[in-house]
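Residue numbers start from 1 in every chain, and the chains themselves are labelled A, B, ... in the order their sequence lines are given, proteins ahead of strands.
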Amino acid sequence: MPLKVYNTLTRRKEEFIPLKDNEVRMYVCGVTLYDKLHLGHARAAVVFDVIRRYLEHRGFKVNYVTNFTDVDDKVINRAKSLGTPIFDLTGRLIEEYFQQMEPLGVRRANDYPCATEYIKEIIDLIKKLERKNLAYAQDGDVFFRVRGFPSYGRLSGQDLKELSVGARVKVNERKEDPLDFVVWKKAKEGEPFWDSPWGKGRPGWHIECSAMAMNLLGESIDIHGGGVDLIFPHHENEIAQSEAASGRRFAKYWIHNGLVKMKDQKMAKSTQNVFTLSQALQDYDGETIRFFLLSAHYRSPLDYHESSLREAKSSLERVYNILKRMKEITGEQSQRTTDSNLRFLVEDLSSHLKKMRTRFIHDMDDDFNTPAALSFIFEAVKKANLLLREGRSLDGSSQQVLLKTREKIKNLGDILGLFQKEEKKRLGEQEKKLIEILVNIREKLREKKDWKLADEIRKKLDELGIELEDKRAETVWRTKS
RNA sequence: GGCGGCAUAGCCAAGCGGUAAGGCAGAGGACUGCAAAUCCUUUAUCCCCGGUUCGAAUCCGGGUGCCGCCUCCA
C-alpha cells in the first residue's frame, strides 16, 4: 500500500514518491512575528509535525524547514506601535513560539530561518529574476512581472483574466500591470532597510520563502506546506518567483491544512476572532490541545467551541486510564481460564491487537487520516476495558495480550505525538508505607461504617494527588497524573 | 463576479459503491455505604430533488445553505 497525499496542485491524492531516494525535503510557511499565536498556528505546527513524524516512521529521511517572517509591514507597524525596536519584538515572539509549541509536542524542525538572515540570498534571487526580464525596478521598488510567467494561477486555479485585482486594495500605479507584485520594497523614513542594487529597502512579501527554501533545501523540493489561506497569493507567488528563477519545478507536493474556525468564522488575527495558544495552555495541557487538533482530518475546517478542549481532555483521559490499568494487572495470575466469555474477550482483543498496526498505517497512508487512526485505537481501549472488567481472574497469556495492547497504543501514539506522558513521579518507600497505613486505617473505619472519617481521608489524599478506589474486597490506591 | 472546499445523531468527527467507525455530552441500568473508575443499553429519512446501479452517505445532474481565497493571515 503506497502512501497517498493530497496535492493542492493537482487537486487529487497522489502516491507519495520523493524526488530523491527516500529523502524528503519539506518546507512549511511559518508565522509572521507580530502578535500572539493562536490555535490556528498551533494546528499548522501540529499537523506538519505529525506529517513529518509519520514520514520518518515510514522510513523517509526528512529535512524539515519552517521559517519566521521577521520583517514586513505588520511587524514594522507593530513594533512602532509598541515603541520597541523591531528585533526586540521578533526576538520575544520567537521565544514565545518555542515555549508554547514545546508542550504541544511539536518537535523541533531542522531549521528555523528568519527572513532577515537571508537578505543576500533574496537579493541574488531578485537579480536573477531581473536578468531574466521577469522583474523590473521602479523607483526603488522591484516588481515581479506576472505575465512573464505563463502558468501563473495554476496552484490556486485562478484565471489571470478573472482576477479582480484592485477590487479591494488600490493598485500601485507604479506597476506595469496590476497583477505584478513586489519583491523588493523601498524603505520609507524610519523603516528598517538593507542596501541593495535598487537602493535601501527590504524584501517583498513572498520572496523570503522562495529564497530560504531554495537555499536550504534546493531548487526543487518535495513538500511545501502551510494553511489553505496561503494558497493565494503567497504560494502562487512563491511558485512564480522560484520557478521563473530556477527553471525547475519548485515543489512536487503542495500540502495545505484547513483553518480553525470559531463561531463559524475562521480564526484570524485580522478578524479579532482568536483564541490564543497561551489562553488554551493556561487551562489545558499541551497534549489535550494536540489531541483536539488531530481530532479532525488535517484538511477539514476544525471548529473550536468552548467545550472542545474539555471534550478532548475527557477522551485523552480515557486512554491514560486504560494505560494505567493495563500496567497494574501484572503479577497475580490465575490458573488458565476456561470461562468462555472471558476467552472470547481475550480472543477479541488479541485479534484486534494483531490488526492495529496495519490499520494504523492504512489510515495514515490515506492522506494522514488521524481521526480514523485514532478511532481504531479507541476500539482497542474499549476491548481492553471489557477484559479488564473481569478483574483478577486473568491467566498469564491474557495478561500478555493486555500488556502488548498497552505497548501498541503507546507505540502508535508516539507517531502522533500522543499518549507518551510519563508515569507520574515515583514515590519513595517511606511515602508508600505511610499511604498504606492510612489506607489500612481507613479500611477499619469503613468496617465500622465510619463513612465520614473514611471519606475525609479519601478526600484529603485525593487533594494530594492520591486516588483511592474501593473495590469489593479491598481498596487500591494510585497517584494521579 | 471568479476560484476552491464543505454539508453525516445534541455536539465533534470517520466513511470514497455493499447497507452508518470513534469520541464527547445526556438518559436509563450494573457495580458502590457514598464516590471515583469501568461496563452495558440508548438516540441518524447521511441538506433537498432527480438520475445511474441489483445496490449510493458514497457516482452523475440540478438546487439550497455554509466556509475559505481573490488584501496581511497557519
If you find the nucleotide of RNA chain B closest to Glu311(A) and the one closest to Arg359(A), which residue's nucleotide is nearer the 5' end?
Arg359(A)
Can you work out whether Gly30(A) or Tyr298(A) has the more 5'-proximal nearest nucleotide on RNA chain B?
Tyr298(A)
Per-nt protein contacts along nucleotides 26-38 of chain B (heavy atom under 4.0 Å; B base, S backbone sugar-phosphate only, - none) come out as -------BBBBSS
Excluding sequence neighbours, so at least two apart, what forms salt bridge (Lys or Arg N to Asp or Glu O under 4.0 Å) with [X]?
X	result
Glu14(A)	none
Lys354(A)	none
Arg107(A)	Glu56(A)
Asp285(A)	Lys421(A)

Can you list the stems that RNA chain B is part of, where a stem is at least 3 pairs in a row, each Watson-Crick or G-U, with both distances below 3.5 Å?
B:1-7 with B:64-70, B:10-12 with B:22-24, B:26-30 with B:38-42, B:47-51 with B:59-63
List for me each residue that meets side-chain hydrogen bond (donor to acceptor under 3.5 Å, both in side chains) alongside Asp365(A), sequence neighbours excluded, and say none if there are none.
Tyr54(A), Arg58(A)
The side-chain hydrogen bond (donor to acceptor under 3.5 Å, both in side chains) partners of Arg92(A) (sequence neighbours excluded) come to none
How would you list all residue pairs meeting ring-ring contact (aromatic ring centres under 6.0 Å, His included) that involve residues 255-274 of chain A, not counting sequence neighbours?
His235(A)-His256(A)
Donor-acceptor contacts, no H, no angles, side chain residues 368-377 of chain A, under 3.5 Å, sequence neighbours left out:
{"unit_1": "Asn369(A)", "atom_1": "OD1", "unit_2": "Ala372(A)", "atom_2": "N", "d": "3.2"}
{"unit_1": "Thr370(A)", "atom_1": "OG1", "unit_2": "Leu294(A)", "atom_2": "O", "d": "2.9"}
{"unit_1": "Ser375(A)", "atom_1": "OG", "unit_2": "Ala372(A)", "atom_2": "O", "d": "3.0"}

Show each protein N/O and nucleotides 64-67 of chain B N/O combination with a separation under 3.5 Å, one pair to a line.
none

Taking the six-membered ring of Tyr304(A), is NZ or CZ of Arg43(A) closer than 6.0 Å to its centre and within 45° of its axis?
no
Have a look at Thr8(A) and say if it touches a base, only the backbone sugar-phosphate, or nothing, with a 4.0 Å heavy-atom cut-off.
nothing
Please work out which residues in residues 371-382 of chain A have a non-hydrogen atom less than 4.0 Å from an atom of RNA chain B and list them by number.
Pro371(A), Ala372(A), Ser375(A), Phe378(A), Glu379(A), Lys382(A)
Determine the interatomic distance between P on rC48(B) and the same-named atom on rC40(B); round to the nearest Å.
32 Å
